[in-house]
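Within every chain, numbering begins at 1; the chains are lettered A, B, ... in the order of the sequence lines, protein sequences first and strands thereafter. Since the model is a prediction, treat every value here as computed from it, not as a measurement.
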There are 2 protein chains.
Amino acid sequence: MEEHQAIRALSALAHESRLRIFRLLTRHGTEGLAAGKIAEQLELPAATLSFHIKELSNAGLVLDRREGRSVLYSLNADGMQNFLSFLLDDCCGGQPELCGPLYQLKPKPRRKRASKEA
Amino acid sequence: MEEHQAIRALSALAHESRLRIFRLLTRHGTEGLAAGKIAEQLELPAATLSFHIKELSNAGLVLDRREGRSVLYSLNADGMQNFLSFLLDDCCGGQPELCGPLYQLKPKPRRKRASKEA
DNA sequence: TCCATGTTTCCATTATTATCGAAATGTCGA
DNA sequence: TCGACATTTCGATAATAATGGAAACATGGA
């Protein structure tokens, strides 16, 4: 994951509504949750929800799929791992003591996919 | 770490210059680096550097100390750990598979300090 | 085809954040 | 105390992000 994409992910999560969306999706696995349900639970107007979830989507943190009239959103495990790896590489690579108990797991090198990178 | 503080940390890192400051500090341990040196290395005007580094400081991610005429900045290990814990709690707590190899380390509960929480 | 339902796009408005020169503040040495 | 140096604050301006109603688009059922 390159810097630019990491910044998108950080920005995406750096907003109250979006962090809530993220946390909500965290509890709904690969099945995910319909846009309408998310909007309902978080009491957001449809247009606002749509705007924010697109932000998360562009950042590579959520996936969407249509199912009937609904669009279901779920977390993107690959995206999350890339993002977390990026952060941890910096912290634990440069100053392992920053990561405390997270230290042990950092030997894993950042993986590179064939071409999919946007 | 509560949501509000986590959002500050995410916002703080979600900016090209600030992410670079962070990464630079990562390579300078507890000794840290003077404001002027950071500005020089990143080619930022002093006022701009000062603005951004305050953002990181408010987010609890960096520490500052004066030494002679200089102000030295370094990463705040406590702040980083709280921040990373917050993120990992959500991901690995809700959907462990998101964290992949990071999974193992999550049994650790979020620690709570006596009163320092802002 | 027509309608109800679910979602997204458009777009105007408002709010927040970034930029950086100039002035102010703090520190040291002479 | 003065002057050089290091950094921060001020303040005006520019750039970017958020909000949400209304209109457009997509889907499925009758």
Determine: side-chain N/O of B:T48 to OP1/OP2 of C:dT19, distance under 4.0 Å, yes or no.
-> no
Please report, rounded to the nearest Å, how far the C1' atom of D:dA6 is from the CG atom of B:L33.
-> 14 Å
Looking across every strand, which nucleic acid part, if any, lies under 4.0 Å from B:A39 by heavy atom: base, sugar-phosphate, or nothing?
-> nothing
Expressed in angstrom and rounded to an integer, what is the separation of B:I53 atom CD1 from C:dC20 atom P?
-> 16 Å
From CA spacing to verdict: side-chain contact (heavy atoms from CB on, under 4.5 Å), B:L72, B:L63 | CA-CA 8 Å; B:L72 299 179; B:L63 299 171; over 6 Å; no
OP1 or OP2 of D:dT27 less than 4.0 angstrom from a side-chain nitrogen or oxygen of A:S70, does that happen here?
-> no
Expressed in angstrom and rounded to an integer, what is the separation of B:R65 atom CZ from D:dT8 atom P?
-> 14 Å
Is the shortest side-chain N/O distance from A:H52 to OP1 or OP2 of D:dA17 below 4.0 Å?
-> no
If every non-hydrogen atom of B:D64 is compared with every non-hydrogen atom of B:Y73, which pair is closest and at what distance?
-> CB-CE2, 3.4 Å
Minimum heavy-atom separation for A:L44 to A:S17, with atom names?
-> CD2-OG, 3.9 Å
Please state whether the phosphate of C:dA18, meaning OP1 or OP2, lies under 4.0 angstrom from any side-chain nitrogen or oxygen of B:R18.
-> yes
Could you check which of C:dT7, D:dT19, C:dT19 has an atom nearest any side-chain atom of A:F51?
-> D:dT19
So, is A:H15 close to the D:dT19 phosphate, meaning a side-chain N or O under 4.0 Å from OP1 or OP2?
-> yes
Whole-Å distance, A:I7 CD1 to C:dA18 P, equals 11 Å
Nearest-Å distance, CG (A:L49) to P (C:dT9)?
-> 12 Å
Hey, does the side chain of B:R69 come within less than 4.0 Å of C:dT25's phosphate (OP1/OP2), counting only N and O?
-> no
Shortest non-hydrogen contact between A:K37 and A:L33, atoms and distance | CB-CG, 3.9 Å
Looking at D:dA18, D:dT9, D:dA26, which one has an atom nearest to any side-chain atom of B:K54?
-> D:dT9
Heavy atoms under 4.0 Å, any strand shown: does B:A35 hit a base, just sugar-phosphate, or nothing?
-> sugar-phosphate
Between A:G68 and B:G36, which has a closest nucleotide on DNA chain D that is more 5'?
-> B:G36
What integer distance in Å separates A:L72:CG from C:dT7:P?
-> 8 Å
Could you tell me the separation between the CD atom of B:Q41 and the P atom of D:dA6, rounded to a whole number of Å?
-> 15 Å
Which atom names give the shortest non-hydrogen contact between A:A6 and A:F83, and what distance separates them?
-> O-CE1, 4.2 Å
Measure from CZ on A:R66 to P on C:dT8 and round the result to the nearest Å.
-> 8 Å
Compare the minimum distances between each of D:dT9, C:dT9, C:dT8 and the side chain of B:S50, then state the nucleotide with the smallest one.
-> D:dT9
Any A:Y73 side-chain N or O less than 4.0 Å from OP1/OP2 of C:dG6 = no
May I have the step-by-step check of side-chain contact (heavy atoms from CB on, under 4.5 Å) for B:N76 and B:V62, ending in yes or no?
-> CA-CA 5 Å; B:N76 180 352; B:V62 315; 5.6 Å; no
